[in-house]
Amino acid sequence: MGPEPADMVTLKIPRPLYERLKQLIEGTGFRSVTEFAIYVLRDLSSNPAAAAGEQEDKEAVSRMTVAELKAIRDRLKELGYL
Amino acid sequence: MIPPHGGKLLDCTVSGAEREKLAQDADRMPQIPLTQRELADLEMIACGAMSPLKGFMTEADYRSVVDTMRLTNGLVWSIPVVFSAKTKEQQGLKPGAQVALVDDAGHALAVMALESRYEVDPDYEAQMVLRTTDDGHPGVQYLKSISPVYLGGDIRLIRHPEHRDFARYRLEPKETRVLFDAKGWKRIAAFQTRNPIHRAHEYLQKCVMEFTDGLLIHPLVGETKGDDIPADVRMRCYEALLEKYYQRDRVVLSVFPAAMRYGGPREAIFHALVRKNYGCTHFIVGRDHAGVGDYYGTYDAHTIFGEFEPEEIDITPLFFDHAFYCKRCGNMATAKTCPHDKEDHVFLSGRKVRQMLLEGKMPPPEFTRPEVAEILGESARKGQ
């Protein structure tokens with residue numbers, strides 16, 4: 001048996017996204033967009049670092065090689081920004 | 001730091017052996033010239049300023065954006081970013097082809113993997129995006145000047161566009177992000193402008209600087225309509241003003257390479273989303289943002305943000321009313337803060353300012369700083 005309604009809350013998502021998700025789950029075994037959303041959100045929240053956009057962005061910055069970062073910093077210094 | 005739109009800052013440039021190979025291949029591909037607007041868009045797509053776009057829009061994304069202000073993946077995106085076929089031959093290109101996008105000098109700047117070729121109704125696009133089909137609107141004029149057959153697909157940049165101007169002010173999103181991080185700024189407001197800076201703009205900027213860590217002044221230097229003040233004149237005004245009246249450690253002046261679409265409310269959303277990619281957390285939206293003539297209501301560019309959930313836009317819009325100097329208050333103000341009549345307010349129309357400058361008269365210092373008036377006056381007298 002699923003959770004009681006009192007244990008659930010409503011999340012709002014844009015309708016076009018909802019429609020797209022509906023198409024996406026066709027034939028996948030997910031019975032509804034809600035079920036799919038819960039699955040994805042649980043998966044994301046089990047890995048908080050990846051779920052946090054801030055962290056993702058930090059990772060993007062850290063994905064720069066040391067040489068790339070140095071080149072950017074050097075340019076910013078040369079231009080007088082740093 | 002604020003995540004880019006769609007979560008990832010894209011980089012569509014290629015380098016090393018891949019670039020060499022693609023550059024050689026490009027010589028044998030159909031060559032399609034870029035308009036000035038397309039060139040600006042290409043540059044912004046390539047450096048991630050238009051993330052999550054990886055190229056010029058396919059038909060599905062184009063129609064979704066025109067009709068719903070969203071990409072097919074549901075992300076908010078308010079204006080079409082498209083590439084037009086210029087000749088009958090190009091209009092006959094088939095999806096699957098690779099085409100070279102070339103600049104005025106014939107240099108291949110990028111390769112597009114053609115995914116979609118489609119014909120549009122320029123009047124429909126104009127009505128939906130610009131809210132008018134009037135030929136007097138510069139955005140409508142542009143739409144009617146290009147082919148209605150668009151080519152869409154991901155791009156790979158093989159050569160950076162050449163710029164002879166503002167070299168020291170050109171920063172890509174990855175660079176502004178590193179800069180803000182290095183400065184330790186968490187809350188950064190962006191100010192978009194295509195007009196010379198008057199006291200009203202300075203007031204908005206300084207209000208925002210009071211509660212943010214830093215300000216990115218980001219003048220648009222892409223294509224504008226003929227009677228707008230040229231970008232180099234506007235930049236000189238900013239340089240003069242920053243030197244004397246701003247806390248320099250708290251301001252970054254850099255140029256925004258986009259072309260102006262004069263799309264009012266929809267362009268305001270676009271300007272905000274793109275500044276998020278540059279790492280800004282707040283975006284200043286003044287009166288008639290990105291407007292022209294009387295095509296938009298004074299605050300249409302404010303109300304359009306209400307059509308989306310805040311987290312969908314993510315960057316925080318900061319709405320400002322029309323600002324002026326009030327002689328009775330003895331300071332800059334807006335109708336939100338000043339109780340006095342219009343007679344007490346110092347405000348001049350753009351036309352009136354131009355007239356004064358041409359006649360060698362200086363606008364009052366309550367309206368324009370003398371340093372700025374001098375630069376604008378000199379430019380007006382030279383016929384710029």
Side-chain angles (χ1 to χ4, degrees), chain A residues 9-26 28 30 32-41 43-82, chain B residues 1-11 15 48 51 60-61 64-65 67-77 166-184 186 214 216 242 248-249 251-254 276-277 279 281 307-314:
Chain A
V9 295
T10 304
L11 290 177
K12 285 185 182 174
I13 61 171
R15 184 163 293 283
L17 175 61
Y18 175 83
E19 298 298 341
R20 187 168 162 74
L21 293 176
K22 211 158 82 174
Q23 286 176 357
L24 204 67
I25 61 172
E26 274 174 20
T28 62
F30 287 107
S32 67
V33 170
T34 301
E35 194 177 287
F36 176 66
I38 290 171
Y39 172 82
V40 172
L41 293 173
D43 187 46
L44 272 174
S45 59
S46 67
N47 181 0
E54 189 172 326
Q55 186 59 33
E56 186 175 329
D57 189 60
K58 284 278 182 200
E59 284 173 1
V61 172
S62 68
R63 271 201 296 273
M64 278 184 202
T65 63
V66 174
E68 282 171 332
L69 196 57
K70 184 177 181 306
I72 289 178
R73 281 176 166 271
D74 286 349
R75 178 163 191 261
L76 291 170
K77 275 182 194 159
E78 196 181 299
L79 295 176
Y81 285 104
L82 280 178
Chain B
M1 189 167 281
I2 191 168
H5 197 44
K8 190 176 177 191
L9 192 65
L10 299 176
D11 182 351
S15 56
S51 298
D61 271 331
S64 178
V65 165
D67 290 337
T68 71
M69 290 198 279
R70 291 175 189 279
L71 297 166
T72 50
N73 63 10
L75 281 173
V76 175
W77 196 271
F166 314 123
R168 60 176 287 228
Y169 289 115
R170 292 186 184 273
L171 297 181
E172 295 184 350
K174 64 184 175 195
E175 292 172 318
T176 51
R177 284 173 168 268
V178 169
L179 176 59
F180 299 154
D181 191 47
K183 283 177 171 286
K186 305 285 183 208
L216 171 66
L242 290 184
R248 288 299 280 120
D249 290 348
V251 183
V252 167
L253 175 63
S254 174
K276 179 168 66 168
N277 290 334
T281 54
E307 295 181 31
F308 306 98
E309 297 297 329
E311 60 273 18
E312 293 185 296
I313 304 286
D314 208 14

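Here is how names work: the chains are called A, B, and so on, in the same order as the sequence lines, proteins then strands, and each is numbered from 1.
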J.: Check whether B:Arg177 reaches the backbone of B:Ile2 with its side chain - one donor and one acceptor, N or O, closer than 3.5 Å.
T.: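 Yes, because the side chain of B:Arg177 sits within donor-acceptor range (under 3.5 Å) of the backbone of B:Ile2.
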J.: Would you mind checking which part of B:Arg168 comes under 4.5 Å of any heavy atom in chain A, side chain (CB onward), backbone (N, CA, C, O), both or neither?
T.: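 When you check distances to chain A, atoms from both the backbone and side chain of B:Arg168 fall under 4.5 Å.
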J.: For B:Asp61, does its backbone N or O pair with a side-chain atom of B:Thr72 as donor and acceptor, under 3.5 Å?
T.: no
J.: Please check: side-chain N/O of A:Lys22 versus main-chain N/O of A:Val33, any donor-acceptor pairing under 3.5 Å?
T.: no
J.: Which atoms of B:Leu253 are under 4.5 Å from chain A, going by heavy atoms: the side chain, the backbone, both sets, or neither?
T.: backbone
J.: Let me know if B:Phe308 has heavy atoms under 4.5 Å from chain A in its side chain, its backbone, both or neither.
T.: neither
J.: Which bit of A:Arg15 is near chain B, if near means a heavy-atom gap under 4.5 Å: side chain, backbone, both or neither?
T.: neither
J.: Which one, B:Lys183, B:Arg248, B:Glu311, B:Glu175, leads in non-hydrogen pairs under 4.5 Å with chain A?
T.: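 Option with the greatest count: B:Glu175.
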J.: So which of B:Glu312, B:Glu309, B:Glu172 has the largest heavy-atom pair count under 4.5 angstrom toward chain A?
T.: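 Counting heavy-atom pairs under 4.5 Å, the top option is B:Glu312.
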J.: Calculate, to the nearest 0.5 Å, the distance between atoms OH and CZ belonging to A:Tyr81 and B:Phe180 respectively.
T.: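 Going from the OH atom of A:Tyr81 to the CZ atom of B:Phe180 covers 9.5 Å.
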J.: Under a 4.5 Å heavy-atom cut-off, does chain A meet the side chain of B:Ser254, its backbone, both or neither?
T.: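 It is both, since atoms from each part get that close.
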J.: With chain A as the partner, which of B:Asn73, B:Val76, B:Thr68 has the greatest number of non-hydrogen pairs under 4.5 Å?
T.: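 Most pairs with chain A among the choices: B:Asn73.
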J.: Between B:Asn277 and B:His5 (side chain of the first, backbone of the second, donor and acceptor by atom type, cut-off under 3.5 Å), is there such a pair?
T.: yes
J.: Measuring only between side-chain heavy atoms, which start at C-beta, is B:Val178 closer than 4.5 Å to A:Arg73?
T.: yes
